[in-house]
Amino acid sequence: MERLELRRHAPREPDADRLSAAGRVLAEDVGRATTRTYDRVFVSPAGRAAETAAWFLRGAMQQLPDHAVVPGLGGQDATGGSPEGMAAGVLALLDQLPHEGTGLAISHTPLVERAAFGLTGVEIAPLRECEGILVRRDDDGVVTVEELRLGGLAGP
């Protein structure tokens with residue numbers, strides 16, 4: 001079984017492509033709460049996505065594993081980030097993980113929600129910063145999606 005956490009980036013500065021101070025704290029707190037170890041990290045081309053991954057890993061006390069910038073995580077694919085395009089992109093990321101591996105991908109809203117819809121046909125409520133979905137593909141190729149809501153961790 002392969003797993004991919006697809007999360008929305010942390011809160012950003014209003015006029016810049018970088019995280020706010022509150023965004024850095026939230027990403028680190030969410031990372032601190034994780035129990036997973038990541039084999040690969042994927043980020044959209046936006047600086048705030050890479051910064052979210054870095055603070056998330058810092059909170060998880062994990063070194064940056066093998067990683068890549070993926071234009072599709074920013075909606076820059078042939079479909080413009082359609083649900084079908086996002087679902088295909090997520091499945092392609094799962095293909096890049098080792099057997100039984102886990103990946104972390106940082107994207108944007110509404111792209112994460114579109115991926116969930118493309119994979120399941122079910123709409124999910126809009127995600128807050130650092131929330132996302134956990135996509136699992138079992139050895140028979142069956143894909144399941146679980147929402148990752150922050151609960152007690154609150155963003156701005």
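Just the heavy atoms: all of them, side chains too, but no hydrogens, waters or symmetry mates, feed the values below.
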S.K.: Using the salt bridge (Lys or Arg N to Asp or Glu O under 4.0 Å) rule, collect all pairs that involve residues 52-77, keeping only residues at least two apart or in two chains.
M.R.: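 Matches after skipping sequence neighbours: Glu28-Arg58, Arg40-Asp66.
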S.K.: Should Leu111 and Val69 be counted in the same cluster of Ile, Leu, Val, Met, Phe, Trp and Tyr side chains packed under 4.5 Å apart?
M.R.: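 No, Leu111 and Val69 fall in different hydrophobic clusters.
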S.K.: Restricting to side-chain hydrogen bond (donor to acceptor under 3.5 Å, both in side chains), what partner residues turn up for Glu123, sequence neighbours left out?
M.R.: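 For Glu123, no residue satisfies side-chain hydrogen bond (donor to acceptor under 3.5 Å, both in side chains) once neighbours in sequence are set aside.
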S.K.: Under the rule for side-chain hydrogen bond (donor to acceptor under 3.5 Å, both in side chains), what residues qualify as partners of Arg149, not counting sequence neighbours?
M.R.: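 For Arg149 the side-chain hydrogen bond (donor to acceptor under 3.5 Å, both in side chains) partners, ignoring immediate neighbours, are Glu131, Glu147.
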S.K.: Val43 and Leu19: same hydrophobic cluster, using ILVMFWY side-chain contacts below 4.5 Å?
M.R.: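 Different clusters.
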S.K.: What residues join Val90 in its hydrophobic cluster, counting side-chain heavy atom gaps under 4.5 Å, either direct or through other members?
M.R.: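 Besides Val90, the cluster holds Leu4, Leu6, Phe42, Val70, Leu73, Leu91, Leu93, Leu94, Leu97, Val112, Leu119, Ile124, Leu127, Ile133, Val135, Val143, Val145.
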S.K.: For a quick test of reading the model, state the closest non-hydrogen atom pair linking Ser107 to Met86 and the distance between them.
M.R.: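 Reported closest heavy-atom pair: OG-CE, 4.3 Å.
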S.K.: About how many Å separate CG of Asp39 and CG of Leu104, when rounded to the nearest 0.5 Å?
M.R.: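 Between Leu104 CG and Asp39 CG, I get 11.5 Å after rounding to 0.5 Å.
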S.K.: Closest approach of Ala27 and Cys130, non-hydrogen atoms and distance?
M.R.: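 For Ala27 and Cys130, the tightest heavy-atom pair comes out as CA-SG, 4.0 Å.
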S.K.: Provide the full list of ring-ring contact (aromatic ring centres under 6.0 Å, His included) pairs with a residue in residues 122-142, sequence neighbours left out, each pair given once.
M.R.: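 Listed by first then second residue: nothing to list.
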S.K.: Would Thr120 and Thr144 satisfy side-chain contact (heavy atoms from CB on, under 4.5 Å), going step by step from the backbone distance to the final call?
M.R.: CA-CA 8 Å; Thr120 66; Thr144 57; over 6 Å; no
S.K.: Specify the closest pair of heavy atoms between Val41 and Ala53, including all atoms of both residues, with the distance to one decimal.
M.R.: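 Heavy atoms only, the tightest pair is CG1-CB, 4.0 Å.
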S.K.: Would you list the pairs meeting salt bridge (Lys or Arg N to Asp or Glu O under 4.0 Å) in which at least one residue belongs to residues 85-106, sequence neighbours left out?
M.R.: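 Listed once each, the pairs are Arg3-Glu100, Asp95-Arg137.
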S.K.: Any link between Ile106 and Leu148 through a network of hydrophobic side chains (Ile, Leu, Val, Met, Phe, Trp, Tyr) touching at under 4.5 Å?
M.R.: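 The answer is no; the residues belong to distinct hydrophobic clusters.
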S.K.: Of all heavy-atom pairs between Gln76 and Pro45, which one has the smallest distance, and what is that distance?
M.R.: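 Distance-wise, the nearest heavy atoms are OE1-CG, 3.5 Å.
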S.K.: Under the ring-ring contact (aromatic ring centres under 6.0 Å, His included) definition, can you give me all pairs with a residue in residues 85-111, not counting sequence neighbours?
M.R.: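 The answer is His9-His108.
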S.K.: Taking the side chain as everything from C-beta on, heavy atoms only, tell me whether Tyr38 gets closer than 4.5 Å to Glu5.
M.R.: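 Side-chain contact under 4.5 Å: yes.
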S.K.: Going by ring-ring contact (aromatic ring centres under 6.0 Å, His included), name the pairs with one or both residues in residues 74-98, residues two or more places apart or in two chains.
M.R.: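 Qualifying pairs, neighbours excluded: none.
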S.K.: Taking only residues two or more places apart in sequence, or in another chain, which ones meet Glu146 in a side-chain hydrogen bond (donor to acceptor under 3.5 Å, both in side chains)?
M.R.: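 Only Arg136 meet the side-chain hydrogen bond (donor to acceptor under 3.5 Å, both in side chains) criterion with Glu146.
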S.K.: Look at the side chain of Asp17 and the backbone N and O of Arg48, then say whether any donor-acceptor pair between them is shorter than 3.5 Å.
M.R.: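 Yes; judged by distance alone, with no hydrogens or angles, the pair exists.
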S.K.: Quick one: pull up CG in Asp29 and CZ in Phe56 and give me the separation to the nearest 0.5 Å.
M.R.: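 CZ of Phe56 is found 11.0 Å from CG of Asp29.
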S.K.: The criterion is side chain to side chain contact (heavy atoms under 4.5 Å, CB included); which residues satisfy it with Pro126, sequence neighbours excluded?
M.R.: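 Once residues adjacent in sequence are excluded, the partners of Pro126 under the side chain to side chain contact (heavy atoms under 4.5 Å, CB included) criterion are Glu113.
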S.K.: State, to 0.1 Å, how close Thr102 and Thr37 come at their nearest heavy-atom pair, and which atoms those are.
M.R.: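 Shortest heavy-atom contact: CB-O, 3.6 Å.
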S.K.: With Arg18, which residues qualify under side chain to side chain contact (heavy atoms under 4.5 Å, CB included), at least two apart?
M.R.: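 Glu13, Ala16, Glu51.
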S.K.: Looking only at non-hydrogen atoms, find the nearest pair between Leu57 and Gln63 and report the distance.
M.R.: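 In terms of heavy atoms, the two residues are closest at CD1-O, 4.5 Å.
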S.K.: Quick one: side chain to side chain contact (heavy atoms under 4.5 Å, CB included) partners of Asp138, sequence neighbours excluded?
M.R.: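 Asp138 satisfies side chain to side chain contact (heavy atoms under 4.5 Å, CB included) with Met1, Asp140, Val142 once adjacent residues are dropped.
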S.K.: Are side-chain heavy atoms of Val122 and Phe117 found at a separation under 4.5 Å?
M.R.: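 Not touching, per the 4.5 Å side-chain cut-off.
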